[in-house]
Amino acid sequence: MTTVCEYKPGLEGIPVAQSSISYVDGQKGILEYRGIRIEELAAKSTFLETAYLLIWGELPTKEELNKFENDIRYHRRIKYRIRDMMKCFPETGHPMDALQASAAALGLFYSKRALDNPDYIREAVVRLLAKIPTMVAAFKLMRKGNDPVQPNDELDYAANFLYMLNERKPDPLAAKVFDICLTLHAEHTMNASTFSAMVTASTLTDPYAVVASAVGTLAGPLHGGANEEVIDMLEEIGSVEKVRPYLDDCLQYKKKIMGFGHRVYKVKDPRATILQNLAEQMFDKFGHDKYYDIALEMERIVEEKLAHKGIYANVDFYSGLVYRKLGIPSDLFTPIFAIARVAGWLAHWKEQLGENRIFRPTQIYTGFHDEPYIPIAER
Ligand code: SDX
């Protein structure tokens, strides 16, 4: 007989898996990937090396990394039939919806589920890491008359994405900053989209369906969608002087302030600190952004008013300012989060393979029993 645990809204504090992939200390503001501090990886690693670490559990040798990078470079292009499908999407559609549909569509071409075959697993990892950025950059296919450029095999992972997006080779600093952003967003223990990926994976479906599930979950404004909302919020506020009245209004009507608060962090998200530094590097080189002043004032006042509740800036607060400076449109901010988080989703998918235990929690029933069926004529 299964013992029923106490009901916790949003599963707060309920462990749903055992994992060695990443660790967060929300009181000390610590994030580690396979035991390595995020600050170390942001400063010394690359996104693909970090993805390898997350998925296979150890840093790759030079040969392993070269092969991984080359395999991903080889698989960057997407099927013409997926490009043609994207051309049928409505122009006003959101790129996250386009990404979820195209990620699921990959399963139409590669869906065999040899989940006990290491080659199949590696192939799925390579294909998803390789093709998701191309699908995100190809969102322009939804805008009539656009035929986005193909991947540039001379460029590394981050530079190639910026090339596909802006149709020109990026500045080396811009490419490096973007690569670090991907590392920062790659993994974060049992967040909502990773949990969604694991529930889907537990039914032994294919990894393309797993990623499509997770993309749909990440899209929400309380999760990955917050980064786009933050920029909208900063633009709505418009000046440093209007920050305090805006926040007073949020607090009065209990409106959530985008980019702040976290289920786990009760101090400033360590990723926000690194992103703030990256933003300042971009401003130093490419010119200041007035919204940064508004953001700084916002962070100062939110700390003044909400620090006692453990509400501080999270990963989504400064990321949008970096992406804007990289020439990325705001409706691609969350798809970029997805590009990075595919590494974490696949790491948890691979770690869970072999568990063969479907996620099937229980509920506390609050309805009626033995109710009569009332014929429609009598209702
Ligand atoms: C990400 O889980 C992860 O790891 C996610 C993530 C990852 O890498 O995967 O880190 C990425 O999703 C970051 C979060 C991005 N979302 C936002 O910035 C949206 C704004 N944030 C809030 O919606 C909220 O903070 C959550 C959703 C992030 C966390 O919500 P919780 O843990 O469920 O907290 P809660 O909603 O129960 O709030 C607790 C209290 C409430 O006040 P009281 O009713 O107790 O008086 O804190 C308040 C809330 O009103 N609060 C906020 C707030 N966040 C919490 N008040 C104002 N603004 C906020 N942002």
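If you read the sequence from its start, that first residue is 1, and numbering goes on from there. Read the numbers this way: they start at 1 and go in the same order the structure lists the ligands and their atoms. Scope of the values below: all heavy atoms of this structure, side chains included, with no hydrogens, waters or symmetry mates.
Using a 4.0 Å cut-off between heavy atoms, R341 contacts ligand 1 through its side chain alone, with no backbone atom that close. Contact annotation: for N314 versus ligand 1, heavy atoms closer than 4.0 Å belong to the side chain alone. Residue H185 does not touch ligand 1, judged by heavy-atom distances below 4.0 Å. Contacts between K254 and ligand 1 below 4.0 angstrom, taking non-hydrogen atoms only, involve the side chain exclusively.
Under the 4.5 Å side-chain contact rule for hydrophobic residues, L173 and I180 share a cluster. Hydrophobic cluster membership is shared by L106 and L204, with clusters built from Ile, Leu, Val, Met, Phe, Trp and Tyr side chains linked at under 4.5 angstrom. If you chain together hydrophobic residues whose side chains sit under 4.5 Å apart, I55 and Y23 never meet in one group.
Within a 4.0 Å radius of atom 10 (O) of ligand 1, the protein has at least one heavy atom. Remark: atom 23 (O) of ligand 1 lies closer than 4.0 Å to at least one protein heavy atom. For atom 34 (O) of ligand 1, the nearest protein heavy atom lies 4.0 Å or farther away. Contact annotation for atom 26 (C) of ligand 1: protein absent (non-hydrogen atoms, distance under 4.0 Å). At least one protein heavy atom sits closer than 4.0 Å to atom 48 (C) of ligand 1.
F195 and F359 have perpendicular rings, their planes meeting at more than 60° on a 0 to 90° scale where under 30° would count as parallel. Note on ring orientation: taking the six-membered ring where Trp is involved, the planes of H188 and H262 are perpendicular (angle over 60°, cut-offs 30° and 60°). Ring orientation note: the planes of W56 and F68 are nearly perpendicular, at an angle over 60° on the 30°/60° scale.
Protein heavy atom nearest atom 15 (C) of ligand 1, with residue, atom name and distance: D316 OD2, 3.1 Å. The protein heavy-atom contact nearest to atom 50 (O) of ligand 1 is K256 CE, 3.7 Å. Nearest protein heavy-atom contact of atom 31 (P) of ligand 1 is R263 NE, 3.6 Å. Protein heavy atom closest to atom 17 (C) of ligand 1, with residue, atom name and distance, is A226 CB, 3.5 Å. Looking from atom 28 (C) of ligand 1 to the surrounding protein, the closest heavy atom is G261 O, 3.7 Å. In terms of protein heavy atoms, atom 56 (N) of ligand 1 is closest to I311 CD1, 4.0 Å. The nearest heavy-atom contact from the protein to atom 4 (O) of ligand 1 is H188 ND1, 2.6 Å. The protein heavy-atom contact nearest to atom 12 (O) of ligand 1 is H223 ND1, 3.0 Å.
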Verdict with reasoning, W349 to I121, per side-chain contact (heavy atoms from CB on, under 4.5 Å) = CA-CA 10 Å; W349 166 69; I121 291 166; 3.8 Å; yes
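Contact atoms of ligand 1 toward L222: 12 (O), 14 (C), 15 (C), 16 (N), 23 (O), 27 (C) (distance under 4.0 Å to a heavy atom of the residue). Short contacts between ligand 1 and N191, defined as distances under 4.0 Å to a heavy atom of the residue, involve ligand atoms 2 (O), 3 (C), 4 (O), 5 (C), 9 (O). Near K309, meaning under 4.0 Å from one of its heavy atoms, ligand 1 places the atoms 42 (O), 43 (P), 46 (O). Of all atoms in ligand 1, listed by their number and element, those nearer than 4.0 Å to a heavy atom of G259 are 17 (C), 18 (O).
The backbone N or O of S102 sits nowhere less than 3.5 Å from a side-chain atom of Q100 that would complete a donor-acceptor pair.
Scanning for side-chain hydrogen bond (donor to acceptor under 3.5 Å, both in side chains) contacts around T200 gives S213, with sequence neighbours left out.
Ring pair F333/H185: centre-to-centre distance not below 6.0 Å.
Side-chain atoms of Y318 and E299 include a donor-acceptor pair closer than 3.5 Å.
Residue contact annotation: R271 has a non-hydrogen atom under 4.0 Å from ligand 1. At a 4.0 Å cut-off, not a single heavy atom of G10 sits close enough to ligand 1 to count as contact.
Every N/O-N/O distance between K266 and ligand 1 stays at or above 3.5 Å.
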